[in-house]
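In what follows, a structure is listed as structure tokens, so that the remarks can point back to it.
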Amino acid sequence: MKVDFAPLDVPFQRRLQTAVVLLWVFSFLALAPLCILLYFYLLFTPYWSISVLYSIWWFFDFDTPTRGGRRVPFLCGLKLWQHFRDYFPIKLVKTADLDPKLNYVIGFHPHGVLVAGAFSNFCSYATGFRQMFPGLTSHLLMLPLWFRAPFFRDYIMCAGLIPSDKESASYPLRQRGGGNAVVIAVGGAPEALDAHPGTYNVLLAKKKGFIKMAMENGAHLVPAFSFGENEVFDQVENPRGTWLRWTQERLQSIMGISLPLFHARGIFQYSFGLMPYRKPITTVVGRPIKVKRTEKPTVQQLDDLHQHYMDELSNLFEEHKSNYGVDPDMHLSFV
């Protein structure tokens, strides 16, 4: 296979962008297990006290992820996230105002392989979420598994990430005075297995937990579609019914995380690797769907609001797809 190497005269700015994205990919794929290994390794070295002291800290700080986490605004606003944004580039588009006196559940679609758009738009300040929606604080949900990794849990909480279990996700929505937006990649890890370029499959047809959570807390629903999210990585073909897809789904059910066999480009060459392609991602935040607080919604109420949400998401996609190079004949497919 011929390797297409990057030219030597690549501008420094682009090299800096690549370095930041490399840091992000490394954090996503390898940092958690490395933190776990470091924690246990230190116990058998002269620096064992570090792990012991951290264990004490962890004991007293154990519930912090379930109580809104611990965002560090300074870190979210670092200029390095602007370099991350410009690598693709990533853009956030607002279609309607969101009242900061209310709370919201923002459904992010599609998940993609590594949810690059969700991270840039809702964890960093690089794309202007705070300016577009003043008074709102976003909380991106992540699998609870990652909050059990020592050191790593503190690292991801700095970006405003919180666990995706019901108790943790509901905590910001229960706060009086509003101003909280819980962002959930509704399709979750299973949807990552469908993240192929040119596809618009949304794992939503049977996903009603976030609808119920919104109703129980009286939080308005906001659909958001991220155009280009599936374009930044290629993935080995894995149609439903094949042995590969069966294996991936089986592992996902056991471990809670999906294992898409993805690839794209490298650091110094464009032929292979785990670095995403430089392709634009535009996340369009739709109009809010008013939700009346209902502590015990009926099945019919749940189904009606779920259908309303799907209709609004479909309308959002149809309304904006022509702006982002989507074939006019392409439509959302709800799985």
Side-chain angles (χ1 to χ4, degrees), residues 21 23-36 58 61-73 75-76 81 84 90 103-127 129 136-173 180-193 195 203-204 207 209-210 213-214 219 222 224 226 229 233 251-260 262 276 281 283:
V21 173
L23 170 65
W24 176 75
V25 171
F26 168 78
S27 298
F28 202 103
L29 298 180
L31 188 56
L34 284 178
C35 285
I36 295 171
W58 195 358
D61 193 58
F62 188 80
D63 291 333
T64 297
T66 67
R67 296 176 179 173
R70 185 171 46 244
R71 181 192 294 272
V72 181
L75 296 179
C76 295
W81 302 125
F84 178 88
I90 297 173
N103 290 322
Y104 300 89
V105 174
I106 300 177
F108 181 87
H109 313 269
H111 182 284
V113 173
L114 298 183
V115 285
F119 174 83
S120 183
N121 290 311
F122 303 113
C123 291
S124 80
Y125 297 154
T127 58
F129 180 86
L136 277 187
T137 299
S138 57
H139 305 268
L140 181 63
L141 302 188
M142 194 173 188
L143 286 174
L145 169 70
W146 302 120
F147 293 87
R148 298 167 190 159
F151 305 122
F152 185 72
R153 66 186 288 276
D154 303 276
Y155 176 75
I156 57 179
M157 278 197 292
C158 289
L161 288 154
I162 60 175
S164 58
D165 60 276
K166 184 178 179 180
E167 179 185 356
S168 303
S170 297
Y171 182 86
L173 303 178
N180 290 294
V182 169
V183 184
I184 175 171
V186 179
E191 192 176 75
L193 300 177
L203 191 59
L204 180 60
K207 293 281 187 174
F210 75 107
M213 181 175 70
V222 182
S226 196
E229 196 74 40
F233 288 104
L251 289 174
Q252 191 274 323
S253 66
I254 296 172
M255 300 187 298
I257 57 175
S258 62
L259 299 172
F262 65 93
I281 297 174
T283 303

Working to the nearest 0.5 angstrom, can you tell me the gap between [X] [atom1] and [Y] [atom2]?
| X | Y | atom1 | atom2 | value |
| --- | --- | --- | --- | --- |
| I156 | F151 | CD1 | CZ | 14.0 Å |
| R70 | R153 | CZ | CZ | 6.5 Å |
| D63 | E167 | CG | CD | 7.5 Å |
| L75 | M157 | CG | CE | 12.5 Å |
| L251 | S258 | CG | OG | 10.0 Å |
| D154 | T64 | CG | OG1 | 8.5 Å |

Residue pair [X] / [Y]: nearest heavy atoms and the distance that separates them:
| X | Y | answer |
| --- | --- | --- |
| M213 | K166 | SD-O, 4.5 Å |
| C76 | C123 | SG-O, 3.3 Å |
| S168 | P163 | CB-O, 3.4 Å |
| L173 | Y104 | CD2-O, 3.5 Å |
| E229 | G117 | OE2-N, 3.1 Å |
| V113 | H111 | O-CE1, 3.8 Å |

>> Test of understanding: with side-chain hydrogen bond (donor to acceptor under 3.5 Å, both in side chains), list the residues that count as partners of T127, not counting sequence neighbours.
In response: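 T127: side-chain hydrogen bond (donor to acceptor under 3.5 Å, both in side chains) contacts with N121.
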>> List the residues meeting side chain to side chain contact (heavy atoms under 4.5 Å, CB included) with S138, not counting sequence neighbours, and say none if there are none.
In response: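 R71, F122, F129, V183.
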Report yes if the side chains of [X] and [Y] come closer than 4.5 Å at any heavy-atom pair, otherwise no.
| X | Y | answer |
| --- | --- | --- |
| Y155 | S27 | yes |
| F147 | L161 | yes |
| F210 | L204 | yes |
| Y171 | N180 | no |
| R148 | I36 | no |
| I184 | K207 | no |
| F84 | L23 | no |
| I162 | P172 | yes |

> Under the ring pair (Phe, Tyr, Trp, His ring centres under 6.0 Å) criterion, do F28 and F119 qualify, and how do the steps go?
Replying inline: CA-CA 11 Å; F28 202 103; F119 174 83; 8.8 Å; no
> So does F62 have more than 12 non-hydrogen atoms from other groups sitting under 6.0 Å from CZ?
Replying inline: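 No, the 6.0 Å shell around CZ holds no more than 12 heavy atoms from other groups.
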>> Using modelled atom types and a 3.5 Å cut-off, is there a donor and acceptor pairing between side-chain atoms of W24 and backbone atoms of W81?
In response: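 No, W24 side chain to W81 backbone: no donor-acceptor pair under 3.5 Å.
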